[in-house]
> 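If you scroll down you'll find the structure; I have some questions about it.
FYI, side chains are in, hydrogens and waters are out, and symmetry mates aren't considered; it's all heavy atoms of this structure. Please read all numbers here as calculations on a predicted model, not as lab measurements. A note on names: the letters A, B, ... follow the listed sequences, proteins ahead of strands, and every chain is numbered from 1.
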Protein chains: 2
Amino acid sequence: MEIELKNRNKRRSRQQRRTNKTRQKLLHAAREIFAEKGLAPTRIDEITDRADVGKGTFYYHFATKDDLIKELMQLIMAELEAGIEKKCLGINKLDQLLDMIIEGHLEFFSNRWEDFVLYFQGRADLTLEDSYEGMETPFLEYLETIQNLLDSVIKYHLPKPILHRIACAVAGFVSGYYSFAFIADSREDLEKTFASMREALVAGLGRFIRESIPDDAPGKTSTIKTEGAK
Amino acid sequence: MEIELKNRNKRRSRQQRRTNKTRQKLLHAAREIFAEKGLAPTRIDEITDRADVGKGTFYYHFATKDDLIKELMQLIMAELEAGIEKKCLGINKLDQLLDMIIEGHLEFFSNRWEDFVLYFQGRADLTLEDSYEGMETPFLEYLETIQNLLDSVIKYHLPKPILHRIACAVAGFVSGYYSFAFIADSREDLEKTFASMREALVAGLGRFIRESIPDDAPGKTSTIKTEGAK
DNA sequence: GTCATATTTGACTATATCGTCATATATGAC
DNA sequence: GTCATATATGACGATATAGTCAAATATGAC
């Protein structure tokens, strides 16, 4: 029985590698094309062509284009969250945390242009009534990740709606600014240009957060661990 | 000759009204459907159906869907700009101006959901390589409008790139925050929820702008007309 | 080698959408 | 009324795309 299982696993192992490789090829090609033409105008044929597999293969791996989009978005958002969380490891001062959350976004956006485009396309899609199935979930999880990070450095636990608001502000600002700035600036300048804005944002958000804490909170001044906050 | 011209004008006048009405019906229907399903997935048939005109009529008025999109975006953005400029009339204090630019956006976004969606769709489209023809122009003009407003209240004229950066920040933040907040909040709550964030943004941006002015600028303190800035 | 199963293929069908065009109607000059 | 012109129509042909499927191939157990 033990052996049977082993064999079974082994049997599948090489084949699984091949299968997985094909799947990755499809995801990779799709990511590229989605970022070039957008979600809706991308044709299955084009994806399979670029992935260099037959069309039937696509439908072996994914039930439909929406399915692929769902998986891709979940993948991307999970990686963005992971990147941000990694940057924030061990930080317990509010201003520093805000700064790192922003930096996490920036690093992701500037190193992975395609993924930034998809992130942005996804968000725009959410403003539609007929948005892609399952598009909402990864974005909500992403906002929650930011909320949890914030919550972890603020001793006085702010109510959920306030945390949510702040998370929206961070995410909205970073991506919004990034998307606008790149219209005129070159993609390469974006990072530099952003640096100068960052401080202002951290200051503004920090201020907002501090103001959200009731004055009678026990030990308010020490409640938020911050650096040089006045 | 004088009379001939008059007649000619008169002859055209009633017909022109009818024509224009048809055109408006098409634009209006398109605006609605674009906001429901997005630009690419919207079919011409659906537009003409909702506008209650024959399909051929569409092609009499517009060469192609891209053409319609172009016109619609220009229309919307021009109205947004006008709304903002109106709000800012006569203001000469920086913080107040920033506040009014934000309020102009908010008013537009919350009173005209479809147009907000189109604004956002348009912006997302610009991140693509294959974006709609002519999509860029209205956005650049819009950013320039904001830049000019800012420039008009800052006596020490900041270099263009800095102004551009600030314009991107304002536009990016407002639309970005708005788009994220609505994922979780109801559309109605958005306005309220935004109010609390606004101050923080104005403060952050104001600070950034003031820091951008060289210390040796003649009469720096009085250079930016501001209220209660410290 | 044989067999069972998992994966891949691309020609094919069915459908959806575009854009055209010959025709019809409305308008206004006369 | 008649005519010329501007506008509107929707059936139609051409094309594009999604998704299917029977057949081919690869894998691994034996």
Side-chain angles (χ1 to χ4, degrees), chain A residues 1-30 33-34 36-70 130 132-133, chain B residues 1-30 33-34 36-70 130 132-133:
Chain A
M1 203 287 175
E2 175 73 359
I3 287 173
E4 252 180 39
L5 206 70
K6 243 184 185 167
N7 282 342
R8 206 187 194 98
N9 284 340
K10 202 183 167 190
R11 172 177 67 169
R12 302 194 129 240
S13 117
R14 177 131 48 128
Q15 205 170 44
Q16 253 180 353
R17 267 200 304 274
R18 185 174 65 120
T19 311
N20 196 51
K21 201 175 159 188
T22 307
R23 202 185 175 79
Q24 292 311 315
K25 277 201 288 184
L26 282 168
L27 283 167
H28 188 260
I33 305 175
F34 282 146
E36 286 168 18
K37 335 183 23 164
L39 300 176
T42 294
R43 285 166 294 110
I44 308 287
D45 284 327
E46 206 173 343
I47 296 176
T48 53
D49 276 4
R50 192 167 311 184
D52 199 31
V53 300
K55 184 170 190 171
T57 306
F58 180 91
Y59 287 97
Y60 180 76
H61 287 276
F62 304 97
T64 152
K65 194 171 86 172
D66 291 22
D67 220 50
L68 167 73
I69 291 176
K70 197 169 163 182
D130 303 353
Y132 284 101
E133 161 109 23
Chain B
M1 202 296 179
E2 175 74 1
I3 287 174
E4 251 179 40
L5 208 68
K6 244 185 185 164
N7 282 341
R8 204 187 195 100
N9 283 342
K10 202 182 167 190
R11 173 179 65 168
R12 303 197 127 237
S13 117
R14 176 129 49 126
Q15 205 170 45
Q16 252 180 354
R17 268 201 303 273
R18 185 173 66 120
T19 312
N20 196 50
K21 201 174 158 190
T22 308
R23 203 185 174 78
Q24 292 311 315
K25 277 201 289 184
L26 283 168
L27 283 166
H28 187 260
I33 305 176
F34 282 147
E36 287 168 16
K37 336 182 23 163
L39 301 175
T42 293
R43 284 164 295 110
I44 308 287
D45 285 327
E46 205 173 345
I47 296 177
T48 53
D49 276 3
R50 189 165 316 181
D52 198 30
V53 300
K55 183 169 189 173
T57 306
F58 179 91
Y59 287 98
Y60 179 76
H61 287 277
F62 304 97
T64 152
K65 194 170 85 172
D66 291 22
D67 222 48
L68 167 73
I69 290 176
K70 198 169 163 181
D130 302 353
Y132 284 101
E133 161 109 26

> For the atom pair NZ (B:Lys21) and NE2 (B:His28), what is the distance rounded to the nearest 0.5 Å?
13.5 Å
> Between D:dA8 and B:Thr22, is there an OP1 or OP2 to side-chain N/O distance shorter than 4.0 Å?
yes
> From the list D:dT9, C:dT7, C:dG28, which nucleotide is the closest neighbour of the side chain of A:Gln15?
C:dT7
> What residue among A:Asp52, A:Leu27, A:Thr57 forms side-chain contact (heavy atoms from CB on, under 4.5 Å) with A:Thr22?
A:Thr57
> Think B:Arg14 has a side-chain N or O under 4.0 angstrom from the OP1 or OP2 of C:dT27?
no
> To the nearest angstrom, how far is A:Asp45 atom CG from C:dC12 atom P?
15 Å
> Checking all strands, does B:Thr19 fall into the base, sugar-phosphate, or nothing category for heavy-atom contacts under 4.0 angstrom?
sugar-phosphate
> Could you say whether A:Gly56 or A:Thr42 is positioned toward the 5' end of DNA chain D, judged by the nucleotide with the nearest heavy atom to each?
A:Thr42
> Measure the angle between the two terminal helix axes of the helix from C:dG1-D:dC30 to C:dC30-D:dG1, five base pairs each, and quote it to 10°.
10°
> Using whole Å, what does the distance between atom P of nucleotide C:dT17 and atom CG of B:Asp49 come to?
12 Å
> Applying side-chain contact (heavy atoms from CB on, under 4.5 Å) to A:Phe34 and A:Leu68, what does each step give before you reach the verdict?
CA-CA 11 Å; A:Phe34 282 146; A:Leu68 167 73; 4.0 Å; yes
> Return each pair, listed once, that meets salt bridge (Lys or Arg N to Asp or Glu O under 4.0 Å) where at least one residue sits in residues 55-67 of chain A; pairs must be two or more places apart or across chains.
A:Asp45-A:Lys55
> To the nearest angstrom, how far is A:Asp67 atom CG from D:dA18 atom P?
15 Å
> Starting at CD of A:Gln24 and ending at P of C:dT8, how long is that distance when rounded to a whole Å?
12 Å
> For the CD atom on A:Glu133, are there more than 12 heavy atoms of other groups (residues, nucleotides or ligands in this structure) within a distance under 6.0 Å?
no
> Give the residues of residues 58-66 of chain A touching DNA chain C, defined as any heavy atom closer than 4.0 Å, sorted by residue number.
A:Tyr60, A:His61
> Send over the distance from A:Lys21 NZ to C:dT8 C1', rounded to a whole Å.
15 Å
> Check the pair A:Arg43, A:Ile33 against side-chain contact (heavy atoms from CB on, under 4.5 Å), reporting the backbone distance first and the verdict last.
CA-CA 9 Å; A:Arg43 285 166 294 110; A:Ile33 305 175; over 6 Å; no
> What is the separation between atom CD1 on A:Ile44 and atom P on C:dT9, rounded to the nearest whole Å?
15 Å
> Which residues pass the side chain to side chain donor-acceptor pair (under 3.5 Å) test with A:Arg18, sequence neighbours left out?
none
> Measure CZ/A:Arg18 against P/C:dT5 and give the value in whole Å, please.
17 Å
> Measuring from A:Glu46:CD to A:Glu36:CD, what's the distance to the nearest 0.5 Å?
7.5 Å
> Could you tell me which residues satisfy side chain to side chain contact (heavy atoms under 4.5 Å, CB included) with B:Ala51, sequence neighbours excluded, listed by chain and number?
B:Lys25, B:Leu26, B:Ala29, B:Val53
> For the pair made of CZ in B:Arg17 and P in C:dA26, what is the distance, rounded to whole Å?
17 Å
> Between the protein and nucleotides 12-15 of chain D, which nitrogen or oxygen pairs come in under 3.5 angstrom?
none

